[in-house]
Amino acid sequence: MINRQRLTQVLEIEETLFKRLHPKSQIASELSFQSLVGGVPMPWMTRLPGAFPIHVRQAHGAMLSDIDDIEYIDFCLGDTGSMTGHGVNEINKAITAQLKIGSTTMLPTHDATWVGEELTRRFGLPKWQFAVSATDANRFALRIARHLTNRSKVLVHDWCYHGTVDETLVILDEQGKTISRPGAIGPQIDPALTTRVVPFNDLESLERQLAYRDVACMLIEPALTNIGIVLPDPDYLAGVRELTSKYGTLLIIDETHTICAGSGGCTKLWNLKPDIFVIGKSIGGGFPVAAYGLTEELATQLNKEIFDHDVDVSGIGGTLAGSALAMASIRATLSHCLLPEQFEKTVELATQWAGGVENSFKKFGLKWSVQQLGCRAEYWFCEPPKNGAQAAGASNPQLETFMHLWAINRGILLTPFHNMALMSPFHTTQDVDTHTQVFGAALDALIN
Ligand SMILES: Cc1ncc(COP(=O)(O)O)c(C=O)c1O
C-alpha cells in the first residue's frame, strides 16, 4: 500500500524539520552525552524518533513543553506512569505534606492500611504488599509462587513484557523452544531452564505446557499491551483460570498497563480471579510505586516467612518499598484519580481517537486497524493480531518512525513503543481532533 521510496523521502523531510525545530534540545543532548550513557538517564528515552531526545521543560495536565518552547499534546503520559495526567494538585499536596514530616522510616503509617483496603475494594484481593516498581512486584510474585508451590518453572505468553524480569524476557523460536527475546541482554542462564512459553489465545498449548506439572505460576497481562494491544478471545481468560487451577499453577495477573480498562482494571471488568495481582506505574501518580495482592490462603501460607528473623534477606521487599511517601502518593492518587467517572470521560476520548483514525483509513482505502482497551487505543498497519508473534511480525519500523516524527513535528506525542495513545482526564475532544487532523495529513503526505 505504501510506496517505500515516497516513505523514505517524506521521512527525510521530517528528520530535517525535527532538527530545525529543536536547536536547544540538540545542544542539551550533546552536553548530556558527556556524562550519561547514550546521552540519557534511562535507555528507553532514546526510543522516540528524531536525531536526539527532546529535553522537557515541564509537563502539566495533558500537555508537555520542551526547552525549545514547543508544546505537545501528550498521549504517551510517561508510558502510563502519568496516566492521571501530569502534576495533579491533590497528589502534589499529599507528597509535599508527607515530605515535610518524613519520607521513609522503615515503619508503617496509617496510609498503608487505607491503601490496602482501597486496593481490595478495587481489585478484590484481600492482602497487599508493596514494591518500588512493577518489575520488582513481579519478581516478588514469582518468587512467592515458586516458594509456595515448590515448583521451579514459570509460564508466560510469547512476546509478553512484565518489566526487566529475567524469566519473562523470552519468546518461542520456530521450533517452539523458549529463547531470550531479541534485544534482551545478559540472561542469567538459558531461559528455557526457567520458563515455559505459550502463544496468547492458545488454550491447547497452555494445557500441554501445564501438564508437566512443574509450573509454579502463569504470569499474564489479561490483554497484551506491550507488543501492541492484543485482546483475548471471548473464552480465553476463563480457560486460563480453569487450566491453571486444574494443574495446581498459580495465576498472576499483571495490570500495570491494563488498568486502562477501568478503575478496577480488567480484573474487575471481566470478573477475573487471580491468585496474585500486580500493579505498578499509575497508582503512584508519577511517584515510583507498585503493589501486589494475594489471596487469603496464600497470605496465610506466607505468614511463617513474614515473621521469620531472616525476612530481610528473603528476596521480597526492599528498603524504600512501602515507605511513608509511597503510601501517601498511592492514597492521594486512588482518592482523586483513576476513578470510574474519570474513566467514563477517558474511554470516550479513546473511542473518539480510534474513530478518527479509522475514518482516515477508510478515506485512504487502507485495510489497517485500530484496537482499543478502555482509555488506551492503538493503530496497526494490518488486521488486528491474535497473538504476540503475529503482532511482532506486523511491526513496520520505518513507517512507525515516520508516523511518530510527523506527529512530534506537529505537537503530538504518542507512546514510542507501537502507535499507542493513552488518555488522561485532562485531555479534551479538541486534543483528539487535533490528532485526527494531524494523522490524516500524515497519510495524505504518504499516499497522495
Ligand atoms: C505489564 C507490565 N508489567 C510490568 C512493567 C514494568 O514496569 P516498571 O518498568 O515500572 O518496573 C511494565 C512496563 O512497561 C508493564 O507494561
Side-chain angles (χ1 to χ4, degrees), residues 40-48 75-84 123 129-143 145 154-171 181 183-185 195 200 217-232 237 240 251-261 265-267 272 274 276-293 316-318 320-322 326 329-330 333 338 371 373-376 378 388 391-392 414-418 420-422:
V40 285
M42 200 280 283
W44 312 351
M45 291 183 188
T46 60
R47 278 298 304 273
L48 271 179
F75 290 115
C76 170
L77 298 172
D79 191 23
T80 312
S82 291
M83 183 175 158
T84 54
F123 305 114
Q129 283 284 284
F130 298 89
V132 173
S133 68
T135 296
D136 270 356
N138 278 324
R139 279 197 197 111
F140 302 158
L142 297 190
R143 198 183 274 278
V154 305
L155 189 148
V156 295
H157 285 129
D158 194 22
W159 291 97
C160 68
Y161 185 75
H162 295 281
T164 57
V165 182
D166 289 281
E167 297 97 317
T168 64
L169 291 170
V170 291
I171 57 166
R181 67 180 289 161
I185 62 170
T195 312
F200 195 73
C217 58
M218 177 178 188
L219 170 60
I220 64 167
E221 282 192 286
L224 299 183
T225 65
N226 280 291
I227 190 73
I229 299 172
V230 181
L231 297 173
L237 295 173
V240 165
L251 177 60
I252 307 175
I253 297 191
D254 174 0
E255 294 241 35
T256 297
H257 274 185
T258 51
I259 178 73
C260 60
C266 294
T267 295
L272 308 177
I276 305 181
F277 176 99
V278 171
I279 187 162
K281 299 200 188 187
S282 62
I283 59 166
F287 193 77
V289 292
Y292 56 105
I316 58 171
L320 288 156
S329 75
I330 305 182
T333 305
L338 307 173
Q371 288 288 59
L373 180 66
C375 64
R376 188 188 296 278
E378 177 193 30
L414 296 170
T415 305
F417 328 106
H418 330 293
M420 200 181 275
L422 184 64

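In what follows, every heavy atom counts, from backbone to side chain, and hydrogens, waters and symmetry copies are set aside. This chain uses plain numbering: 1 for the first residue, then up along the sequence. One-based numbering, in listed order, for ligands and for the atoms of each.
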Among all protein heavy atoms, pick the one closest to atom 8 (P) of ligand 1 and tell me residue, atom and distance.
Thr135 OG1, 3.7 Å

Given side chains that start at C-beta, do those of Ile330 and Phe130 come closer than 4.5 Å, heavy atoms only?
yes

Which atoms of ligand 1 are found less than 4.0 Å from any heavy atom of Asn138?
3 (N), 4 (C)

Verify, without hydrogens or angle tests, whether Glu255 (side chain) and Cys266 (backbone) share a donor-acceptor contact under 3.5 angstrom.
yes

When distances are taken from atom 5 (C) of ligand 1, the protein heavy atom at minimum range is Gly163 N, 3.6 Å

Per-atom filter on ligand 1: closer than 4.0 angstrom to a heavy atom of Ser133 are 11 (O)

Contact region, Asp136 to ligand 1, non-hydrogen atoms below 4.0 Å, reads neither

To the nearest 0.1 Å, how far is atom 3 (N) of ligand 1 from its closest protein heavy atom, and which atom is that?
Asp254 OD2, 2.6 Å

Using a plain distance cutoff, I'd like to know if Trp44 has any nitrogen or oxygen under 3.5 Å from a nitrogen or oxygen of ligand 1.
no

Kindly say whether Thr164 contributes a backbone atom to a donor-acceptor pair with the side chain of Arg139 at under 3.5 angstrom?
yes

Any side-chain heavy-atom pair of Phe123 and Ile279 under 4.5 Å:
yes

Is a side-chain N or O of Glu167 found less than 3.5 angstrom from the main chain of Val154, in a donor-acceptor match?
no

Looking at Gly163, is its backbone amide N or carbonyl O close enough to the side chain of Thr135 to form a donor-acceptor pair, meaning the two atoms are under 3.5 Å apart?
no

Sub-4.5 Å side-chain heavy-atom contact between Cys160 and Asn226
no

Atoms of ligand 1 less than 4.0 Å from His257 heavy atoms?
14 (O), 16 (O)

In the protein, what heavy atom is nearest to atom 14 (O) of ligand 1, and what distance, to one decimal place, separates them?
Lys281 NZ, 2.7 Å

Residue portion contacting ligand 1 (non-hydrogen atoms closer than 4.0 Å) for Asn226:
side chain

Contacting atoms of ligand 1, where contact means under 4.0 angstrom from a heavy atom of Glu221:
1 (C)

How far is atom 7 (O) of ligand 1 from its nearest protein heavy atom, and which residue and atom is that?
Ala134 CB, 3.4 Å

Please check if the side chain of Thr80 supplies one atom and the backbone of Ser282 the other of a donor-acceptor pair under 3.5 Å.
no

